[in-house]
Amino acid sequence: MTLHFGPVWAPGYLNAADHRALGRAVLDAVADAGNEWIFPELAEHEPWTWTARWCAISGPQCGHAVDVTATYERAVESLSCHRRHLEVLDPATQVETQARNQMDLATAAKDGFDAERAVGFELYWFRA
């Protein structure tokens, strides 16, 4: 599991360059993890025959979700610990308010998923 790596989180919300780069790197690493051409030392082991599942948090194509209603307040507290980062992003808004606003965006109810708050996922499937 890793960050959403698309260009935007939602209309008007540009995704950070490090999130885009990390997400692509994880996607590429998972895709090539069993590739004997890239990793010749894998030829010494049994070939992979399982299907690996990889998912990215959020994004515009969420087809799956996890109910996070019970842990919402803890998530707000956790995000608030990034105090200096949030202060720099928006000096005019209190840190806890910014954290709550971001969590509200990230955990808004998902269509077709019965939960007050949920985190959506895009799933990517790979054959090894």
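Residue indices begin at 1 and follow the sequence shown. For clarity, every value in this text was computed on a predicted model and none was experimentally measured.
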Let's go through Trp37 and Asp32 carefully: what are the C-alpha distance in whole Å and the side-chain angles of both, what is the deciding distance for side-chain contact (heavy atoms from CB on, under 4.5 Å) to 0.1 Å, and is it a yes or a no? CA-CA 9 Å; Trp37 180 259; Asp32 289 334; over 6 Å; no

Is there a continuous path of hydrophobic side-chain contacts, each under 4.5 Å between heavy atoms, that joins Leu86 to Val88? no

Please report the closest heavy-atom contact between Phe121 and Ala65, naming both atoms and the distance. CD1-CA, 4.3 Å

Mind checking whether Tyr72 and Val119 sit in one hydrophobic cluster, side chains of I, L, V, M, F, W, Y counted as touching below 4.5 Å? no

For Asp114, is the CG atom crowded, meaning more than 12 foreign heavy atoms sit under 6.0 Å from it? no

As a quick check of understanding, evaluate side-chain contact (heavy atoms from CB on, under 4.5 Å) for Arg100 and Glu73, giving each step before the final call. CA-CA 9 Å; Arg100 194 166 297 282; Glu73 289 301 327; 3.0 Å; yes

Hey, which of Thr71, Asp104, Val66 is the one that makes side chain to side chain contact (heavy atoms under 4.5 Å, CB included) with Arg117? Asp104

What closest approach, in Å, do Leu27 and Phe5 show between heavy atoms, and which atom pair accounts for it? CD2-CZ, 3.7 Å

Please assess Tyr124 against Val30 for the test side-chain contact (heavy atoms from CB on, under 4.5 Å), listing each intermediate value before the final yes or no. CA-CA 10 Å; Tyr124 295 81; Val30 170; over 6 Å; no

Would you say CD of Gln94 has more than 12 non-hydrogen atoms from neighbouring residues, nucleotides or ligands within 6.0 angstrom? no

May I ask whether Leu123 and Val68 are part of the same hydrophobic cluster, defined by side-chain heavy atoms of I, L, V, M, F, W, Y residues being less than 4.5 angstrom apart, directly or through others? yes

Counting only heavy atoms not in Glu96 (residues, nucleotides, ligands), do more than 12 fall under 6.0 Å from its CD? no

Would Tyr13 and Leu89 show up in the same hydrophobic cluster when neighbours are defined by side-chain heavy atoms closer than 4.5 Å? no

Tightest non-hydrogen contact, residues Gln98 and Asp90, listed as NE2-O, 3.0 Å

For side-chain contact (heavy atoms from CB on, under 4.5 Å), just list the numbers for Leu14 and Arg20, CA-CA rounded to whole Å, side-chain angles, deciding distance to a tenth of an Å, and then say yes or no. CA-CA 10 Å; Leu14 181 66; Arg20 295 188 318 263; 4.3 Å; yes

In terms of side-chain geometry, is the basic nitrogen of Arg84 or Glu87 positioned less than 4.0 Å from the acidic oxygen of its partner? yes

Looking at Val76, is its backbone amide N or carbonyl O close enough to the side chain of Ser80 to form a donor-acceptor pair, meaning the two atoms are under 3.5 Å apart? yes

